[in-house]
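Taking it in order: structure first as structure tokens, then the write-up.
All heavy atoms count here, side chains included; hydrogens, waters and symmetry mates do not. Please read these numbers as outputs of a predicted model, since none were measured by experiment.
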Amino acid sequence: MTQSRPPSYYSASVIRESDYPILEGNHRVDVAIVGGGFTGVATAVELSERGYRVAVIEANKIGWGASGRNGGQVTGSLSGEDAMRRQMRRTLGDEAADFVWDLRWRGQRIIRERVEKYAIPCDLKHGHLQAAYQPSHLKALRRDYNASQSHWIGEHVHWLDKAGVEDLLGTRLYHGAIRNDYNMHLHPLNLCLGEARVAASLGARIFEASPVVEVVHGESPAVIGEHGRVEADSVILAGNAYHHLERQRLGGKLFPASLGIVTTAPLDEATANAINPQDLAVYDTRFVLDYYRLTADRRLLFGGGANYSGRSSADITAELRPRLEHTFPQLEGVALDFQWQGLAGIVINRVPMLGKLSPHVYYAQGYSGHGIATSHLVGEILAEAVDGSRREFDAFANVRHWRVPFSDRLGNTLLAAGMWYYQLLERLR
């Protein structure tokens, strides 16, 4: 049963809603992609630009899942970076460190160039702060800043002391920050819908309200829906935390975390300028962090915390209002017009999962809260693999991932316990 979009700010401010047909009858393409979020749509654009015949099959609406519900921040925070470097040395050798570093900024480039090339309206803006929540966080933040200065990204990255942060934000909460003007923020649902239109204009076939019930493996793979079938040379599973296909192979490796966001009523110009005069996106340095930015119509979009049990939160406003008002006391009592939540796919070692379930069936999932930039670089890597260049794909596919036995619910319980432990360590630090 398909579902309508959540009542989010993004849903309310869509520029052009999608209206693609249901999958009916039999179809033949080069590549069938299951999932119409960023991974599926970005991969469809990459493949269509290369001349492949592509079909995207989405259970609900394009961008219905996390791709249309997230904080809209496009940053160089790559989950599992240390584990990635260690494990990828087996495939890439001494090049692993530079490869992983460049991955941090590759998604931004892809998105920026695509938005410019195809004139996708998505409120794209540059500028981001990673702000130190505790004085003890400054050491790691300074280390990341120093690393940036030995790479090309350094010209876009600046160190701010406490006073420097207070010049940019109307809060005294932080003790320092890195400002990165290569990072971006945007309206993610409009970006995803815009990229889908690009893929369709390049010949891709897109189907909505078409849940996939089976994936056929073998020499002639296929995707089977409730009312139709798509045969292809290759199949890509790109549903992340929202699909339940191939559980025998993929179960116990990825766990959903519920992330909540609220959005205020539009702020007057003076208030918006008082809290964020340079229109920057912000997140802090806690293990479970807060993140926020201004929308195009001057609302404060604020997200924070996470429910790692795999269950939805009962009242997002009740959870996030205290955090919002703690950050900006001047907004106490502000009207909150929207609240919603979505599922991020969390991997135990935080390394994105790319691999093959059979010779012609690929999968990609598990961006652990950093999905906008990561999904776009993954889309490029998947397209290259289908096109015959597998070096980067194999670097990910050869990463070893933990698997929790027995059930996904047990995995979420263990994940929640682990996150509680790390939050406790953070408080003690």
Side-chain angles (χ1 to χ4, degrees), residues 1-14 17-20 23 33-45 56-74 79 107 111 122 186-196 199 206-213 223 225 236-247 250 253-261 301 303 306-308 310-313 316 338-347 352-353 363-376 378-379 382 408 412:
M1 179 178 177
T2 59
Q3 301 180 52
S4 59
R5 295 197 188 279
S8 70
Y9 166 77
Y10 298 134
S11 299
S13 54
V14 163
E17 182 57 275
S18 60
D19 185 25
Y20 298 104
L23 172 62
I33 301 172
V34 181
F38 276 133
T39 301
V41 170
T43 306
V45 173
V56 177
I57 305 97
E58 165 57 40
N60 295 291
K61 300 283 283 184
I62 294 298
W64 178 86
S67 298
R69 308 187 192 201
N70 59 71
Q73 300 195 20
V74 188
S79 288
I111 292 169
C122 61
L186 47 74
H187 190 303
L189 182 54
N190 278 333
L191 174 62
C192 193
L193 291 169
E195 289 183 292
I206 300 177
F207 302 99
E208 292 183 313
S210 303
V212 170
V213 297
V223 169
I236 297 173
L237 303 184
N240 203 30
Y242 283 91
H243 81 80
H244 300 282
L245 298 168
E246 302 292 330
R247 303 317 297 161
L250 296 179
K253 293 183 176 181
L254 177 142
F255 308 99
S258 180
L259 309 179
I261 298 177
L301 186 149
N307 183 346
Y308 291 95
R311 296 184 295 272
S312 297
S313 298
I316 298 301
F338 300 95
Q339 64 165 325
W340 70 94
Q341 53 196 310
L343 297 179
I346 308 295
V347 180
M353 296 177 61
Y363 67 89
Q365 61 183 26
Y367 310 137
S368 299
H370 299 284
I372 303 182
T374 307
S375 59
H376 282 79
V378 165
L382 284 169
D408 289 349
N412 267 110

_Tell me whether the rings of His376 and Phe38 are parallel (<30°), tilted (30 to 60°) or perpendicular (>60°)._
tilted

*When you measure from the side chain of Ser210 to the backbone N and O of Phe207, does any donor-acceptor pair fall under 3.5 Å?*
no

_Heavy-atom pair with the smallest gap, counting every atom of Ile111 and Ala373_ = CD1-CA, 4.4 Å

*Asn190 side chain vs His187 backbone, donor-acceptor pair below 3.5 Å*: no

*Polar side chain donor-acceptor pair, Glu208 to Ser18, under 3.5 angstrom*: yes

*Would you confirm whether Trp340, through its side chain, and Ile261, through its main-chain N or O, come within 3.5 Å as a donor-acceptor pair?*
no

*Pairwise distance CD1(Ile33) to CG(Leu237) - rounded to 0.5 angstrom*: 10.5 Å

*Grab the two heavy atoms, one from Val41 and one from Ala196, that are nearest each other, plus how far apart they are.*
CG1-N, 3.4 Å

_Could you report the tightest heavy-atom contact between Gly342 and Arg69, atom names first, then the distance?_
CA-CD, 3.8 Å

*Would you check if the side chain of Glu58 reaches a backbone N or O of Gly36 as a donor-acceptor pair within less than 3.5 Å?*
yes

*Measuring from Asn70:CG to Leu343:CG, what's the distance to the nearest 0.5 Å?*
12.5 Å

*asked:* Checking Gln73 now: which residues fulfil side-chain hydrogen bond (donor to acceptor under 3.5 Å, both in side chains) with it, not counting sequence neighbours?
replied: His128

*Hey, what do you get for OG (Ser13) to CG (Leu189), rounding to the nearest 0.5 Å?*
7.5 Å

*Under the side chain to side chain contact (heavy atoms under 4.5 Å, CB included) test, which residues partner Thr374, sequence neighbours left out?*
Leu78, Pro352, Tyr367, His370, Val378

*Atom of Val347, atom of Ser368 and distance for their closest heavy-atom approach*: N-OG, 3.3 Å

*With rounding to the nearest 0.5 Å, note down the distance linking CD1 in Ile236 to CD1 in Ile57.*
10.5 Å

*Roughly how far, to the nearest 0.5 Å, is the CG atom of Leu250 from the NE2 atom of His244?*
12.0 Å

*Any side-chain heavy-atom pair from Pro188 and Tyr10 closer than 4.5 angstrom?*
yes

*Is the closest side-chain heavy-atom distance between Asn240 and Thr39 below 4.5 Å?*
no

_My understanding is that only residues two or more places apart in sequence, or in another chain, count here; which of them pass ring pair (Phe, Tyr, Trp, His ring centres under 6.0 Å) with Tyr242?_
Trp64

_To check you understand the geometry: which heavy-atom pair defines the closest contact between Gly68 and Ser8, and what is its length?_
O-OG, 4.4 Å

_Could you report the tightest heavy-atom contact between Ala238 and Gly40, atom names first, then the distance?_
CB-N, 3.8 Å

_If you define the side chain from C-beta out and look only at heavy atoms, does anything of Pro256 sit under 4.5 Å from Ile346?_
no

_I'd like to know if the side chain of Arg5 and the backbone of Ser11 have a donor-acceptor N/O pair within less than 3.5 Å._
no

*Has the side chain of Gln365 got a donor or acceptor atom that lies under 3.5 Å from a matching backbone atom of Met353?*
no

*What's the spacing between Thr43 OG1 and Leu382 CG if we round to 0.5 Å?*
4.5 Å

*Would a distance-only check, ignoring hydrogens and angles, find a side-chain to backbone donor-acceptor pair under 3.5 Å from Ser67 to Gly37?*
no

